[in-house]
Amino acid sequence: MKCEICQNDYPSHYYFTTPKICTNCFNNLSTEQKDYYYSLMNVSKPYQSEFGYRIGFGLRFLAYLIDTILFAIVFIAILVFTGDFEWIKENIIGFESLQNPALLKELTSRLTILTLILTPIYWSTEIFLSASPGKMVLNIMIANANRTQAQITTLLFRFLVKHITYLFSLLSFITSIVYFEAIGNIAGMIIVLGFLSTLGVKRQALHDYICKTAVFKKTDILDSELI
């Protein structure tokens with residue numbers, strides 16, 4: 001059997017949503033096109049819309065909390081391993097210590113360098129494995145908005161948009177231009193507020209809208225190789 005859109009051959013009707021369109025191609029159609037084909041087949045639309053497969057605010061926020069805790073554990077462990085934690089205990093004693101410009105500069109430098117190194121390493125799993133460690137714990141992952149597996153280029157672009165604050169912080173650290181830090185903070189605030197859009201019907205954060213991605217249960221991801 002051949003799909004009239006992708007022209008791929010399939011062994012049975014099992015791979016088709018309509019008599020002539022395979023499930024993968026059908027899932028790429030717009031809502032209006034899907035409704036049209038359902039009307040031609042004289043059947044009711046499935047109970048769950050495509051948006052219904054997406055993970056909304058609650059579970060995604062829980063994944064973020066898990067990631068925050070795991071990141072903090074790794075961060076502190078590295079501080080202990082490198083000896084920076086001992087340095088902080090010996091030199092930062094109370095609020096008065098932070099009023100010493102030299103100590104404050106040294107503390108900021110140590111923490112900033114570690115943050116700039118650890119951040120891309122920790123979150124790179126969203127590029128190479130389509131999920132952060134927190135998402136992995138909850139068995140959810142990033143995919144294209146149509147539920148197909150996202151290409152690494154898409155995941156990389158999503159990473160850059162989501163962590164735009166990090167990019168500007170890195171530029172600020174390298175160039176010592178404070179304006180980059182300010183721009184990054186504003187952009188980061190927009191991304192954070194944009195996460196609230198996961199409360200909407202489409203269940204996409206701002207960076208998902210930009211990159212045409214969403215988060216799904218791992219078992220609901222379609223095989224993009226068949227498209």
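Residue numbers count from 1 along this sequence.
For the pair R203 and F57, the cation does not sit on the ring face, since its NZ or CZ is not both under 6.0 Å from the ring centre and inside 45° of the axis.
In this structure, CZ on R158 lies 4.0 Å from NE2 on H207, to the nearest 0.5 angstrom. With rounding to the nearest 0.5 angstrom, the CG atom of N27 is 6.0 Å from the OG1 atom of T17. To the nearest 0.5 Å, atoms CZ (R147) and CG (N24) are separated by 9.0 Å. Rounding to the nearest 0.5 angstrom, the gap separating the CZ atom in F159 from the SG atom in C211 is 12.0 Å. Between atom CZ of residue F173 and atom OG1 of residue T115 there is a gap of 10.5 Å, rounded to the nearest 0.5 Å. The distance from the CD atom of E126 to the OG1 atom of T213 is 9.5 Å, given to the nearest 0.5 Å.
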Checking L155 against S130 for the side-chain contact (heavy atoms from CB on, under 4.5 Å) test, could you report, in this order, the C-alpha distance in whole Å, the side-chain angles of both residues, the deciding distance, and whether it holds? CA-CA 7 Å; L155 296 171; S130 301; 3.3 Å; yes

From CA spacing to verdict: side-chain contact (heavy atoms from CB on, under 4.5 Å), I5, L29: CA-CA 11 Å; I5 295 180; L29 299 177; 4.2 Å; yes

Chi angles and distances behind the side-chain contact (heavy atoms from CB on, under 4.5 Å) call for I21, E4: CA-CA 6 Å; I21 301 177; E4 67 179 20; 3.9 Å; yes

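With contacts defined as side-chain heavy-atom distances shorter than 4.5 Å, the pair P133/I66 does not qualify. Between T165 and I191 there is no side-chain heavy-atom pair separated by less than 4.5 Å. Taking 4.5 Å as the limit, every side-chain heavy atom of I78 sits out of range of all side-chain heavy atoms of F85. With contacts defined as side-chain heavy-atom distances shorter than 4.5 Å, the pair I140/K218 does not qualify. With a 4.5 Å cut-off on side-chain heavy atoms, L111 and I88 count as touching. No side-chain heavy atom of N8 sits under 4.5 Å from any side-chain heavy atom of K2. Here the side chains of I177 and L171 are not in contact, with every heavy-atom distance at 4.5 Å or above. Within the 4.5 Å cutoff, no side-chain heavy atoms of F157 are placed close to those of T153.
Contact between F16 and T23 at its shortest, heavy atoms only, is C-OG1, 3.7 Å. Minimum interatomic distance between C25 and C3 (heavy atoms only, all atoms of both residues): SG-SG, 3.8 Å. A pairwise comparison of heavy atoms in E106 and R110 identifies OE2-NE, 2.8 Å as the closest pair. Closest of all the heavy-atom pairs between N91 and L103 is O-CD1, 3.7 Å. Across L59 and I55, no two heavy atoms sit closer than the pair CB-CG2, 3.4 Å.
Side chains of Q151 and T154: no donor on one and acceptor on the other come within 3.5 Å.
Ion pairing between R60 and D208 holds under the 4.0 Å rule for side-chain N and carboxylate O.
No donor-acceptor pair closer than 3.5 Å links the side chain of N146 to the backbone N or O of N28. With T198 contributing its side chain and F195 its backbone, the two residues share a donor-acceptor pair below 3.5 Å. At least one donor-acceptor pair under 3.5 Å links the side chain of T68 to the backbone N or O of Y64. At distances below 3.5 Å, at least one donor-acceptor pair connects side-chain atoms of R54 with backbone N or O atoms of A145. At least one donor-acceptor pair closer than 3.5 Å links the side chain of T125 to the backbone N or O of A131. Within the 3.5 Å criterion, the main-chain N or O of Q149 finds a donor-acceptor partner in the side chain of N144. Listed for the Q33 side chain is a donor-acceptor partner under 3.5 Å among the backbone atoms of S30. The main-chain N or O of Q204 is found under 3.5 Å from a side-chain atom of S197 such that the two form a donor-acceptor pair. The backbone N or O of S109 lies less than 3.5 Å from no partner atom in the side chain of T112, so there is not a single donor-acceptor pair. No side-chain donor-acceptor contact under 3.5 Å links E181 to the backbone of F168.
Counted within 6.0 Å of CE on M189, heavy atoms from surrounding residues, nucleotides or ligands total 12 or fewer; the atom is thus considered open.
When the side chains of ILVMFWY residues are joined at heavy-atom separations under 4.5 Å, either directly or via intervening members, I117 and Y122 end up in a single hydrophobic cluster. L114 and Y166 fall within a single hydrophobic cluster, where Ile, Leu, Val, Met, Phe, Trp and Tyr are joined by side-chain heavy atoms under 4.5 Å apart, directly or via other members. Tracing side-chain contacts under 4.5 Å through hydrophobic residues (I, L, V, M, F, W, Y), one reaches L160 starting from I142; they form part of the same cluster. Both I183 and I164 sit in one connected hydrophobic cluster of ILVMFWY residues. Membership requires side-chain heavy atoms under 4.5 Å apart, directly or through other members. Clustering ILVMFWY residues whenever any of their side-chain heavy atoms sit less than 4.5 angstrom apart, transitively, puts V178 in a cluster other than the one holding L116.
Centroid-to-centroid, the aromatic rings of F216 and Y53 stay 6.0 Å apart or farther.
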